[in-house]
Protein chains: 4
Amino acid sequence: MTLTVAVVGASGAAGGEALRLLSAHDGVTITHLMANSSAGSLLGEHHPHLRVLADRAIEKTDVAALADVDVAILALPHGASGEIAAQLPDTVRVFDAGADHRLESAQDWQAYYGSEHSGTWPYGLPELLHAGEERAAAQREILAGASRVAVPGCNVTAVTLATQPGALLGDKVDFSQLVATLAVGYSGAGKALKPHLMALAAQSNAAPYAVGGTHRHIPEIEQNLRRAGVANPVVVFTPILVPMNRGILASVTVPTTASAAELREVWEAVYADEPFIHLLPEGVWPTTQAVQGANIATVQVTKDEHSGQLIAQCAIDNLAKGTAGGLIQSMNLALGLPETMGLPTDGTP
Amino acid sequence: MTLTVAVVGASGAAGGEALRLLSAHDGVTITHLMANSSAGSLLGEHHPHLRVLADRAIEKTDVAALADVDVAILALPHGASGEIAAQLPDTVRVFDAGADHRLESAQDWQAYYGSEHSGTWPYGLPELLHAGEERAAAQREILAGASRVAVPGCNVTAVTLATQPGALLGDKVDFSQLVATLAVGYSGAGKALKPHLMALAAQSNAAPYAVGGTHRHIPEIEQNLRRAGVANPVVVFTPILVPMNRGILASVTVPTTASAAELREVWEAVYADEPFIHLLPEGVWPTTQAVQGANIATVQVTKDEHSGQLIAQCAIDNLAKGTAGGLIQSMNLALGLPETMGLPTDGTP
Amino acid sequence: MTLTVAVVGASGAAGGEALRLLSAHDGVTITHLMANSSAGSLLGEHHPHLRVLADRAIEKTDVAALADVDVAILALPHGASGEIAAQLPDTVRVFDAGADHRLESAQDWQAYYGSEHSGTWPYGLPELLHAGEERAAAQREILAGASRVAVPGCNVTAVTLATQPGALLGDKVDFSQLVATLAVGYSGAGKALKPHLMALAAQSNAAPYAVGGTHRHIPEIEQNLRRAGVANPVVVFTPILVPMNRGILASVTVPTTASAAELREVWEAVYADEPFIHLLPEGVWPTTQAVQGANIATVQVTKDEHSGQLIAQCAIDNLAKGTAGGLIQSMNLALGLPETMGLPTDGTP
Amino acid sequence: MTLTVAVVGASGAAGGEALRLLSAHDGVTITHLMANSSAGSLLGEHHPHLRVLADRAIEKTDVAALADVDVAILALPHGASGEIAAQLPDTVRVFDAGADHRLESAQDWQAYYGSEHSGTWPYGLPELLHAGEERAAAQREILAGASRVAVPGCNVTAVTLATQPGALLGDKVDFSQLVATLAVGYSGAGKALKPHLMALAAQSNAAPYAVGGTHRHIPEIEQNLRRAGVANPVVVFTPILVPMNRGILASVTVPTTASAAELREVWEAVYADEPFIHLLPEGVWPTTQAVQGANIATVQVTKDEHSGQLIAQCAIDNLAKGTAGGLIQSMNLALGLPETMGLPTDGTP
């Protein structure tokens, strides 16, 4: 017997990706597509690539109807998802692709989002190390059976997965000087009609945004690294839009006294059994094209002997492993399904 | 009376850009197009965008003919240009877009290029600060009347221009921890028929290359920063190919105790009168699309208060300001022409 | 019990797509990856997006080994596939993505390919109408149980599916004046290292090729239309490379005296039950982005009242429905499996 | 002494391109930048590539101020330009990049634009043949000294230039069956914030629009062909957006009984002396990348012996030769300046 699922925000980019993946997921039945802005239209009008569900009608967001489903997936701007979640009974499992319940610090929330914090939910990054772990287990235990899950930010997933094994090297890695520069595709910004997201502005362009310490993903990355055992992480974070639809390539440097061999050994140990994280062969660097549409993070690390810094990179599809794929992975864990169920690992370049 | 110019490597990407700009330059007459690999064909077959010179024939590289021109522009792989330059009389002004004569340290050359050093030429970056200068003057004096000029590497130009004003802040900027991550277009790699430069590999991709301390531009950047007065620069350098033809966006971080205001003040002072460097208004970040085809570097700097690092960025067109435009700018200085002659500042996005 | 499959040409673009789809196909086990040019390497080196099979070794093409598999998929240039196929016993089902066995006319083969014809195999386009049919059935009967299948050319599939319902309108459609213009992605050209297929040549470009009546897909399209009942089809065929990896948008005009309503009715009748052909709602035109990675053809038709011509369009992913997806669809029919088995209908834009 | 020029619609795509070209034009001084929507801001905020005029302020559209300039360039949506033009004295030369005054038939205007016709101005396509001419001269005479010029539609320019020499072949070319399919870049649609013009919708996509006889450029193309001497032109017109910013590749077929040699001869005769039209060498087809930023149309023609149709293609930059470049070319003629003044012929790919 499959579980019933509703997707709220069905006409958006993240909602569409959730529907693409859920259509091929054997454990669930999609019973509701909701989106206030496009209620009354058919899904295919908003997502011409979704043929399985093309003729399904989009409803207005309806909290009463949501109260009856097994699983509610919220693919909404922050604020909106918190408001709906607050009205749903505990019997509904809620997975929030928005930011509302990611941060543990109400103070950080206030500083970076400028509103009151809605509380913290179990964090939907199964591969997140907890201090002292050599392989991620504690986070999976937290997610098992959870009735509320906050899905990580896509850039956060990329930077966390690239670097967290370094936490096991203690003082040998100086996380107070972590510099993360990210090449980011346009789907991360959703479908908002803004001048800098138009085709004319995007083609042949590399365009930085939110430069200089104010990006909302910074406290979330640092929270993750602290969870992994880093005493005092400080992140410089610079995202750059480049002409691709899907994908994040996070390139990260951290000063280190560890050797290349030590780095390789630790990264290998941490990710050896992860079904969705592939530490690439030495000398092969992650690329975004290869992970398009897949719930995969490819990772590489090396020691730059010239500078004494480690360079770690991670490529993900921001919509897949970065949002909807990661969400379904957490959903599988929460519902007691196989973690890998319905999640593709091959890309579609 | 105009000067006669020969371009060697005319069918390549850098040679083509030199010809595009020289066609509209009032001080020179293009008398020879040379390229061994395509001798006997017409220029238009290799550069369909060059209509002014489309029907001009390409000759084999001919040192005797070169000895008779006023100006020889070498747009060749390193090694090849050094060999030709060695055979030309001093009466010919030689501008080398290759790497052979950029580095001052024979040891660095040996370490990064693996061959014997051919000697050091005046360095063709007019805007390069010398220690103690607040505005670039000494380098222009070196270039005035020079009969040999080594044109900088394109990535080097971007990183140097983004960061060199920091040298004036002394101990307040810790250049031993400079992290440069670059989004780079495909023309930087020339026209080589390599799998990773195919359209199939490039579209929708962000693809790092030469990661980890071995890139040949590293010693050149550090040489420039030392020239600008930095005691001990150490550069981490990570280039990432993104789907654009022209353009480099260099995003650089350096730990600093200077304030945002101090940074702004120094950067403004250094670049206030530069005809080809535009420090953008506060809060506006450089983009590559805007400088396509122009001999322009756009620059921005800010203080990331969260991390205590400065973030500086520079966008150039790697073929224009990064190679052929910078070359012509140096040529103008060497020949006693107005520095800005024939050099566009508006982009063609 | 699954069937054993070998893919020959595994490191190429079509072979890679076959492997991507076969990895998720429950009816087969991939036992051999063969490719002479890359024998000894791992599949992941050639297709970084294929993670399921990334560590599988590529073997030299080995006819003896092929003789033992249930299914041999040949993803090779024409000529090469014909030669291998000739050596395989009838017990092996052979699916040829190359052109060798598509054409029925030895004379056409000689004229367009310049070599001796290798004979005609059952043609792998299940949706191909036969004269008099209103829904495709005869071609599926031919494919049921076939031990040899010639997979159609990708452009041919697009033009055929766009226009073949018109055959049912008899004299009302003048197929002697069919004009087909196609926007084509780069994967159609494979991975050959040619100057016009490099990233530098492709970005921001629309580049026609093989213009003027000599394209090898012309006789194949006309053969299909004759099969569908058209007396005397004459095709003008103009392909244009545009900056995308996957995808063909075929835009076709044909003079007609039929009304818009008649056209709509016939197209709807022909495609009503086709699992992989979607006649879009009136006024919605096919786009290539929506079918990326899917075994789907989207089709639209209208009457241009101004000119008295019908305009029909079809979008497919040239690698998926255009090659490997269509191949697997035919394979399913030949092997007695459900026609839709393992074939995605949602795109991954 | 230079002439004073005002550009109305300065913050739009066409206005920006006019300013890019006028900045480098020795015959004019730009005295006013006007745009109601962005009045009060600086030009550089809207066009980061325009550095020469970056700090110039944009004014509200001011008819009184316009009455004092020598030249007013209107880069506005149709309707808006007609309204302003009606208020300007004859002493101001007005060049309208909009559609208001292109069509001669008030009935066509009503049918395609749905409003009252504002009258017909001299048509700004200097290369337009008049019936009986073998080289364009009459249209240049019309433009010489004109005080009002209607700049052609960009798609119209491409289709007209590709095919008009065929008018000289009389009955040998059947213009009642002209099929034009165009690959079109995004700048043709301007900067409107519409979902189908977003980066997300554009990348890796080929997307037809305005299919089926209703496109407003159809009566304009037919008007041009009649002017060139064609008795009864009927155009099928299908534009397809492809992922590039600038550029139109028009691919056109017309049934013909003329031979390849006859076609070549006539096309050569018509375009032999045109400074901005390049008939490419036989076998070389136009590409859009090569004409980016240039006031150039590249043209090719051949006979498809298989179908008995001619295939003619034309590539232009829709913003340059297609709009602002063509406008300045007509302006030069109207003002008695050299026709080629300030107009680049080399592309910037």
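To find a chain, count down the sequence lines: A is the first, B the second, and so on, and within it residues start at 1. Side-chain atoms are counted along with the backbone in the values below, which use heavy atoms only and exclude waters and symmetry mates.
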Q. Measuring from D:Q203:CD to B:Q203:CD, what's the distance to the nearest 0.5 Å?
A. 9.5 Å

Q. Would you say the side chain of B:H47 lies within less than 4.5 Å of the side chain of D:P349, judging by non-hydrogen atoms?
A. no

[X] portion near chain D, given a 4.5 angstrom heavy-atom threshold:
X      : result
B:S187 : neither
B:V291 : neither
B:I296 : side chain

Q. If you count heavy-atom pairs under 4.5 Å with chain D, which of B:A290, B:P243, B:S204 comes out on top?
A. B:A290

Q) So which part of D:T345 gets closer than 4.5 Å to some heavy atom of chain B, the side chain, the backbone, both or neither? A) both

Q) What part of D:L280 is in contact with chain B, defined as an atom under 4.5 angstrom from a non-hydrogen atom: side chain, backbone, both or neither? A) side chain

Q: Look at atom CD of D:E274 and say whether more than 12 heavy atoms of other residues, nucleotides or ligands are closer to it than 6.0 Å.
A: yes

Q. Going through the checks in order, is the side chain to side chain contact (heavy atoms under 4.5 Å, CB included) test met by B:V284 and D:E45?
A. CA-CA 9 Å; B:V284 179; D:E45 299 173 38; over 6 Å; no

Q | Donor-acceptor contact present, side-chain B:D346 to main-chain D:V52, <3.5 Å | A | yes

**Q.** Candidates D:R20, D:E17, D:H49 - the one meeting side-chain contact (heavy atoms from CB on, under 4.5 Å) with B:T348
**A.** D:R20

